[in-house]
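Structure first, then comments.
In each ligand, atom 1 is the first atom listed, and ligand 1 is the first ligand listed. Everything numeric in this text was worked out from a predicted model, so none of it was measured.
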Amino acid sequence: MPRNAQWLLHSRPEGMVSEANFEYFDAPLPELKDGQALVRTLYLAFEPAMRGWMNDAASYVAPVKLGEVMRGAAVAQVVESRRPDFKAGDIISGMFGWQQYAIVDGALDAAQNITRVPDGVPPHWLLSVLGITGLTAYFGMLEVGKLRAGDTVLVSAAAGATGSVAAQLARIGQSEKVVGIAGSPRKCAWLTEQAKLDAALDYRSENLNQRLREEFPDGISLFFDNVGGDVLDTALLHMAQNGRVVLCGGISQYNTAERPAGPANYMQIVLRRLTVKGFILFDWAEHIGKAQTELRRWLSEGRIAHAEDIQQGFENAPRTFLRLFSGENLGKQLLKIADPD
Ligand SMILES: NC(=O)c1ccc[n+]([C@@H]2O[C@H](COP(=O)([O-])OP(=O)(O)OC[C@H]3O[C@@H](n4cnc5c(N)ncnc54)[C@H](OP(=O)(O)O)[C@@H]3O)[C@@H](O)[C@H]2O)c1
């Protein structure tokens with residue numbers, strides 16, 4: 001009898017998430033019913049937001065329950081199908097969770113967010129530059145941030161999956177200057193050499209306040225923030241009058257056991273007449289097709305340098321997830337489980 005290896009949520013983290021919060025489980029393969037397809041996972045994708053789904057707290061999606069398969073996006077290949085819209089061999093992406101096999105059920109299609117991988121596209125791009133993070137960068141920078149030519153742009157976590165695309169969209173959009181913040185010399189070198197940003201600041205080894213003063217003598221007109229905490233606080237001191245702050249995420253606060261720090265410099269929002277706007281990708285679901293078309297064009301023209309960090313082996317799922325919080329990933333954090341047939 002074939003088995004289905006899974007990673008379940010074992011306990012809710014208090015503070016920093018650890019491998020012990022997950023439990024390996026060897027489940028039987030579910031029996032296929034009419035209207036369902038069985039898919040085999042090829043790649044898993046990791047997002048910092050998954051840390052929030054582990055908390056027993058209300059958010060934009062329900063928490064993962066204890067004992068449930070950890071929720072996550074994946075690319076998978078259809079092994080057997082009893083639905084008319086899929087045949088064996090098709091490659092699709094969706095929220096299939098941390099498991100080697102999943103049932104794709106017509107009744108769950110919207111929840112599983114199923115997308116067929118277009119011809120000519122490497123399947124794992126549906127998890128990265130054409131998936132959640134690339135699309136978040138697209139809508140956050142262009143629609144929420146309303147990027148305009150001549151902007152002076154700062155992006156935090158700029159060598160990550162979302163930040164790297166956001167920063168390069170700012171460059172494509174004819175910003176006057178684009179600066180990225182990242183956590184190592186290797187990442188900063190990638191940002192200036194591969195992503196062609198004007199400058200990169202290492203927040204771990206440089207004085208961010210001083211470096212922002214040097215890079216933005218006339219202020220930041222658009223700040224795309226993935227980090228929150230001290231980085232946001234410091235950037236608020238360097239915003240231009242009427243500047244815009246796009247709040248995409250706040251990864252520096254996701255693993256804090258205590259009450260998260262508020263921005264101490266929040267009065268700068270008043271004094272500098274800033275517009276601060278948060279958003280969630282799901283709000284833009286209807287427009288995803290157009291965004292993917294544009295992103296594919298820029299990729300094919302070589303205007304977006306696309307980085308992925310691909311780890312190997314299903315058994316390494318929790319360990320791979322933790323890389324997001326230690327900053328080991330450059331670009332999109334993926335885990336390869338299997339090759340397609
Ligand atoms: N609003 C939405 O709909 C939406 C959708 C997707 C993602 N997001 C948000 O976008 C942000 C980036 O997500 P991603 O998937 O693209 O991840 P990512 O940037 O590829 O990976 C996370 C990066 O965050 C940095 N980081 C980790 N811990 C940090 C800390 N304590 N302080 C400062 N930086 C830290 C690390 O880079 P360094 O080495 O540079 O520190 C790490 O590589 C997250 O905040 C996420 O929640 C929002």
Side-chain angles (χ1 to χ4, degrees), residues 15-17 44-55 59-61 72-73 113 127-141 143-145 154-169 179-191 195 197 200-206 208 223-235 245-257 260-261 277-285 287-288 291 306-311 320-335:
M16 182 56 78
V17 56
L44 287 178
F46 299 86
E47 270 92 41
M50 295 159 88
R51 170 64 184 83
W53 305 343
M54 298 172 76
N55 293 337
S59 180
Y60 62 99
V61 285
N113 194 21
L127 299 176
S128 55
V129 66
L130 300 178
I132 290 175
T133 43
L135 293 167
T136 299
Y138 179 95
F139 294 113
M141 187 53 85
E143 299 289 348
V144 184
L154 178 69
V155 177
S156 60
T162 307
S164 61
V165 179
Q168 292 180 85
L169 293 180
V179 176
I181 300 175
S184 71
R186 176 177 81 106
K187 290 185 178 186
C188 288
W190 186 87
L191 286 170
L197 304 196
L201 313 181
D202 183 344
Y203 73 98
R204 289 187 205 268
S205 66
E206 296 188 274
L208 199 55
F223 176 34
F224 187 107
D225 186 27
N226 289 311
V227 167
D230 288 345
V231 169
L232 171 61
D233 235 347
T234 308
V245 180
V246 175
L247 295 184
C248 176
I251 192 169
S252 69
Q253 307 298 303
Y254 293 174
N255 285 293
T256 46
K277 187 145 172 50
F279 75 105
I280 295 289
L281 171 65
F282 299 165
D283 306 342
W284 299 90
H287 307 283
I288 282 176
H306 171 42
E308 291 174 330
D309 176 320
I310 305 182
Q311 300 294 305
T320 306
F321 177 46
L322 299 190
R323 292 171 66 86
L324 292 172
F325 304 107
S326 56
E328 283 164 275
N329 65 305
L330 197 167
K332 180 71 196 185
Q333 185 65 72
L334 298 174
L335 180 67

Practice task
Using a strict cut-off of less than 4.0 Å between a Lys/Arg side-chain nitrogen and an Asp/Glu carboxylate oxygen, indicate whether Glu47 and Lys332 qualify as a salt bridge.
Solution key: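 A salt bridge is present here (some side-chain N lies under 4.0 Å from a carboxylate O).
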Practice task
Kindly say whether Asp309 contributes a backbone atom to a donor-acceptor pair with the side chain of Gln333 at under 3.5 angstrom?
Solution key: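 The answer is yes, because a donor-acceptor pair under 3.5 Å joins these two groups.
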Exercise for the section: Please determine, by modelled atom types, if Glu308 and Ser128 share a side-chain donor-acceptor pair under 3.5 angstrom. Expected result: yes
If you measure every N/O of [X] against every N/O of ligand 1, is any gap under 3.5 Å?
{"X": "Gly183", "result": "yes"}
{"X": "Thr133", "result": "no"}
{"X": "Thr162", "result": "yes"}
{"X": "Ala161", "result": "yes"}
{"X": "Ser252", "result": "no"}
{"X": "Ile132", "result": "no"}

Part of [X] within contact of ligand 1 (heavy atoms, under 4.0 Å):
{"X": "Glu328", "value": "neither"}
{"X": "Leu281", "value": "both"}
{"X": "Tyr203", "value": "side chain"}
{"X": "Lys187", "value": "side chain"}
{"X": "Asn226", "value": "both"}

Supply the atom-to-atom distance [X] [atom1] to [Y] [atom2], rounded to the nearest 0.5 angstrom.
{"X": "Leu281", "Y": "Thr136", "atom1": "CG", "atom2": "OG1", "value": "4.0 Å"}
{"X": "Ser156", "Y": "Leu201", "atom1": "OG", "atom2": "CG", "value": "11.0 Å"}
{"X": "Phe139", "Y": "Asp283", "atom1": "CZ", "atom2": "CG", "value": "10.5 Å"}

Problem - Non-hydrogen atom of Arg323 closer than 4.0 Å to ligand 1 - result: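 Contact absent.
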Exercise for the section: Please state whether Ala159 comes within less than 4.0 angstrom of ligand 1, counting heavy atoms only. Expected result: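 Not so, Ala159 does not reach ligand 1.
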Identify, by atom number and element, the atoms of ligand 1 in contact range of [X], meaning under 4.0 Å from any of its heavy atoms.
{"X": "Gly160", "result": "18 (P), 19 (O), 20 (O)"}
{"X": "Asn329", "result": "18 (P), 20 (O), 21 (O), 42 (C), 43 (O)"}
{"X": "Gly250", "result": "45 (O)"}

Handout entry: Geometric class of the Tyr60/Phe282 ring pair [parallel <30°, tilted 30-60°, perpendicular >60°]
Key =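 Plane angle over 60°, so perpendicular.
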Practice task
For the residue pair His287 and Trp284, categorise the inter-ring angle as parallel (less than 30°), tilted (30 to 60°) or perpendicular (more than 60°).
Solution key: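 Ring orientation, 0 to 90° scale: tilted.
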Practice task
Report the nearest protein non-hydrogen atom to atom 5 (C) of ligand 1: residue, atom name, distance rounded to 0.1 Å.
Solution key: Thr136 OG1, 3.1 Å
Exercise for the section: For the residue pair Leu335 and Phe321, establish whether any side-chain heavy-atom pair is separated by less than 4.5 Å. Expected result: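 Side-chain contact under 4.5 Å: no.
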Practice task
Might you confirm whether atom CG of Asp230 has over 12 heavy atoms from other residues, nucleotides or ligands at distances under 6.0 Å?
Solution key: no
Problem - Shortest heavy-atom approach to atom 48 (C) of ligand 1 - which of Cys248, Ser184, Gly249 - result: Cys248
